[in-house]
Each structure stands twice: as structure tokens, then as C-alpha cells.
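For reference, positions follow the sequence shown, starting with 1.
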Amino acid sequence: MSWHQGPLVGFDLETTGTDVESDRIVTAALVRLEPDGTVSEQRTWLLDPGVAIPEQAAAIHGIGTDHARRHGARAASAVGEIAHAVAEVLRSGVPLVVMNARYDLSLLDRECARYGLDSVEQRIGGVPSPVIDPLVIDKHVDKYRKGKRALQALCEHYGVTLSDAHEASADAVAAVRVVRRMGERHRPVSTLPPTELHALQVRAAAEQSASLQAYLRRTADPAAVVEPAWPVIPRRR
């Protein structure tokens with residue numbers, strides 16, 4: 001059975017911003033989809049991130065500072081629960097689907113460090129794997145397609161309904177459905193075992209970063225640096 005025909009678990013974060021080194025988790029979701037597309041398990045978290053949520057971020061995901069403070073869990077305990085739950089999925093061998101994994105998994109890693117908690121990597125004794133990232137795969141199999149590649153754009157391209165964008169559970173489910181469509185459409189990807197698909201994405205993500213870096217250095221910033229690591233950016237020393 002190909003990976004796209006088996007169970008998959010989607011993971012998504014909504015956060016205070018886009019900087020993995022300084023921003024915080026506001027909501028998180030882990031959702032398991034069975035081969036028939038039904039949701040069999042779902043866990044969600046709402047956190048008080050301990051900092052004000054910028055208006056720009058609240059406008060995207062709908063969670064403001066006051067709501068998070070009143071209803072959110074203490075960040076340290078919730079981050080520990082999220083890391084534990086993600087590690088359990090990876091230990092089970094079920095592929096973890098994460099749109100733009102380099103961001104979500106790196107931010108979770110930094111949150112663990114912030115609160116003195118074991119990271120997912122420490123909990124499983126290695127780099128998180130197997131991870132399936134719709135963004136990396138789409139750029140690999142359809143390199144020259146023009147247009148945006150955010151989750152909503154990928155849903156439109158692959159014919160997946162996304163009814164509540166930037167709600168963590170909805171985004172997690174949509175990411176799983178998108179990679180299933182990718183598996184159906186792109187046989188060279190679907191025939192790889194999950195571990196080999198993970199390794200392919202490590203190489204593809206590095207190549208994509210190098211290409212973007214070269215483009216930026218030619219057109220905008222001669223000193224531009226685009227992180228090549230995937231699915232987790234190494235911590236700064």
C-alpha cells in the first residue's frame with residue numbers, strides 16, 4: 001500500500017508571527033485521517049502565549065490577546081503536551097503531514113527550548129521523520145508552475161475544499177487531503193516508502209532554498225541567505 005492510501009496525521013500551528021526564533025504558538029492541532037478520509041482522532045490546543053498577539057496575526061487566525069489570556073492554557077504545559085503528542089505520532093510510524101514543516105516544526109522546537117522542555121527530536125532520539133510537506137513536494141513535482149503555493153492555493157490547484165483557512169484543525173485536514181491528491185497525481189512520489197520520501201524532501205528543500213537564494217542575490221539582496229535545512233532549522237549557537 002502506498003503511503004497516500006494509508007492513515008496520515010496532519011499537524012498545524014497558528015502563531016503570533018513568522019519568526020521561528022521569537023514568535024509563539026497560539027493554537028495547534030493534530031488530526032488523524034483514515035484511508036477513507038474520515039477523521040478518527042483530533043487534538044487541539046489554545047495557548048496563552050505569554051505575549052501580546054499582534055493585530056496582524058489575530059486578523060489572520062482570529063485569536064486576540066484577551067481571548068488567549070482568558071481561555072488559553074499555560075504555554076509551558078501546552079507546549080509539552082504538543083511535543084509529546086507529535087513525538088507519539090512519529091514513534092507510531094504514521095507519516096506526519098505538515099504544510100511548510102520548516103516553520104511549524106522549528107517553531108515548536110524553539111518553544112520547547114524556551115520552556116526547558118525536551119524537543120520532539122530529543123523525545124524520539126532523532127530528526128522528526130517521516131514528515132510529508134505539501135509545499136516541498138509541490139515545488140519538487142511541479143517546479144515551473146507559476147502562482148502562489150500557500151495552502152489555500154494548493155487546495156485550489158488540487159481540488160481540495162478549505163472552508164476555514166487559518167483554523168489549525170481545518171488547515172491540518174486540508175494539508176492531508178492535498179498530499180493525498182498529490183500521491184494520486186504524481187506516481188513517482190506516491191511509490192516511495194515514507195522514509196525515502198522524507199529523504200527526497202530533505203534534498204528537494206535544500207535545492208529549492210539554494211535556487212531562491214541565488215535568485216534573491218541576483219535581483220534584490222546580494223547577501224541574502226535562505227535556510228536549506230528541513231524539516232527543522234538547527235538552533236542558533
Side-chain angles (χ1 to χ4, degrees), residues 8-33 42-47 49 53 57 60-63 75 78-90 94-115 117-124 126-139 149-155 162 164-179 197-198 201-202 204-205 208-209 226-236:
L8 297 169
V9 176
F11 177 59
D12 187 73
L13 300 178
E14 298 298 326
T15 65
T16 60
T18 59
D19 186 338
V20 299
E21 304 298 341
S22 61
D23 282 305
R24 313 292 181 92
I25 298 170
V26 178
T27 63
L30 271 172
V31 186
R32 177 180 170 121
L33 275 72
Q42 178 172 302
R43 291 194 67 184
T44 61
W45 293 264
L46 169 64
L47 285 64
I53 300 172
I60 292 171
H61 53 60
I63 307 295
V79 168
E81 290 178 8
I82 296 165
H84 174 78
V86 170
E88 285 295 295
V89 172
L90 294 169
V94 175
L96 184 71
V97 177
V98 193
M99 176 69 186
N100 194 11
R102 179 185 280 142
Y103 175 74
D104 285 44
L105 294 181
S106 298
L107 182 57
L108 177 57
D109 176 83
R110 301 315 191 266
E111 285 277 58
C112 288
R114 180 172 290 116
Y115 298 111
L117 304 169
D118 284 346
S119 66
V120 172
E121 186 170 349
Q122 290 169 322
R123 292 167 192 264
I124 65 175
V127 175
S129 175
V131 175
I132 301 176
D133 187 337
L135 179 62
V136 173
I137 293 176
D138 184 64
K139 288 181 177 180
R149 301 197 191 227
L151 180 59
Q152 194 158 2
L154 293 186
C155 286
L162 176 55
D164 195 5
H166 301 295
E167 191 280 321
S169 295
D171 283 2
V173 169
V176 170
R177 289 177 175 160
V178 164
V179 296
L197 178 60
H198 182 98
Q201 292 170 95
V202 172
Q208 292 159 16
S209 293
V226 179
E227 173 59 52
W230 180 94
V232 180
I233 299 170
R235 294 179 190 176
R236 296 172 181 169

Minimum side-chain heavy-atom gap I82-L108 below 4.5 Å: yes
For A75 against Y115, the heavy-atom pair lying closest together: CB-OH, 3.3 Å
Salt bridge (charged side-chain N to carboxylate O under 4.0 Å, His left out) evaluation trace for R110 with E21: CA-CA 6 Å; R110 301 315 191 266; E21 304 298 341; 3.1 Å; yes
Working for side chain to side chain contact (heavy atoms under 4.5 Å, CB included), residues V94 and R32: CA-CA 9 Å; V94 175; R32 177 180 170 121; 3.8 Å; yes
Heavy-atom side-chain contact between T16 and I53 under 4.5 Å: yes
Pair R149 + D138, salt bridge at N-O below 4.0 Å: yes
Spacing of CG belonging to L96 relative to CD belonging to E88, to within rounding of 0.5 Å: 12.5 Å
Nearest atoms (heavy-atom pairs only) where R102 meets D133: N-OD2, 4.3 Å
Closest heavy-atom pair and its distance - P231, V127: CD-CG1, 4.0 Å
Any residue meeting ring-ring contact (aromatic ring centres under 6.0 Å, His included) with H198, in chain and number order, not counting sequence neighbours: W230
Value rounded to 0.5 Å, distance of CG in L107 from OG1 in T18: 10.0 Å
Minimum side-chain heavy-atom gap P128-V232 below 4.5 Å: yes
Test item: E14 side-chain N/O and A28 main-chain N/O as donor-acceptor pair under 3.5 Å: no
Minimum heavy-atom distance between P134 and V178, given as atom pair plus value: CB-CG1, 4.1 Å
Straight-line distance of E167 CD to I60 CD1, nearest 0.5 Å: 14.5 Å
Check: L105 and V131 side chains under 4.5 Å, non-hydrogen atoms: yes
Q42 and S169: CA distance, side-chain angles, deciding distance, side chain to side chain contact (heavy atoms under 4.5 Å, CB included) verdict: CA-CA 8 Å; Q42 178 172 302; S169 295; 3.6 Å; yes
Side chains of L162 and L151 in contact at under 4.5 Å (non-hydrogen atoms): yes
pair E111-R24: side-chain heavy atoms closer than 4.5 Å: yes
Any donor-acceptor N/O pair, D118 side chain to R123 backbone, under 3.5 Å: no
Close side-chain approach of I137 and I132, heavy atoms under 4.5 Å: yes
Distance-only side-chain donor-acceptor flag, T15 / D23, under 3.5 Å: no
Under 3.5 Å: donor-acceptor pair, side chain of R43, backbone of A29: no
Stepwise side chain to side chain contact (heavy atoms under 4.5 Å, CB included) check, C112 with V79: CA-CA 7 Å; C112 288; V79 168; 4.0 Å; yes
Reported CG-to-NE2 distance for the pair L117 and H84, which is rounded to 0.5 angstrom: 13.0 Å
Distance-only polar pair, side chains of S106 and R235, donor-acceptor under 3.5 Å: no
Main-chain N/O of V136 paired with Q208 side-chain donor or acceptor, under 3.5 Å: yes
L90 side, atom CG; S129 side, atom OG - distance, nearest 0.5 Å: 7.5 Å
Side-chain donor or acceptor of Q122 paired with backbone N/O of S119 under 3.5 Å: yes
Side chains of W45 and L30 in contact at under 4.5 Å (non-hydrogen atoms): yes
Working for side chain to side chain contact (heavy atoms under 4.5 Å, CB included), residues T44 and T27: CA-CA 7 Å; T44 61; T27 63; over 6 Å; no
D171 side chain to H166 backbone, donor-acceptor under 3.5 Å: yes
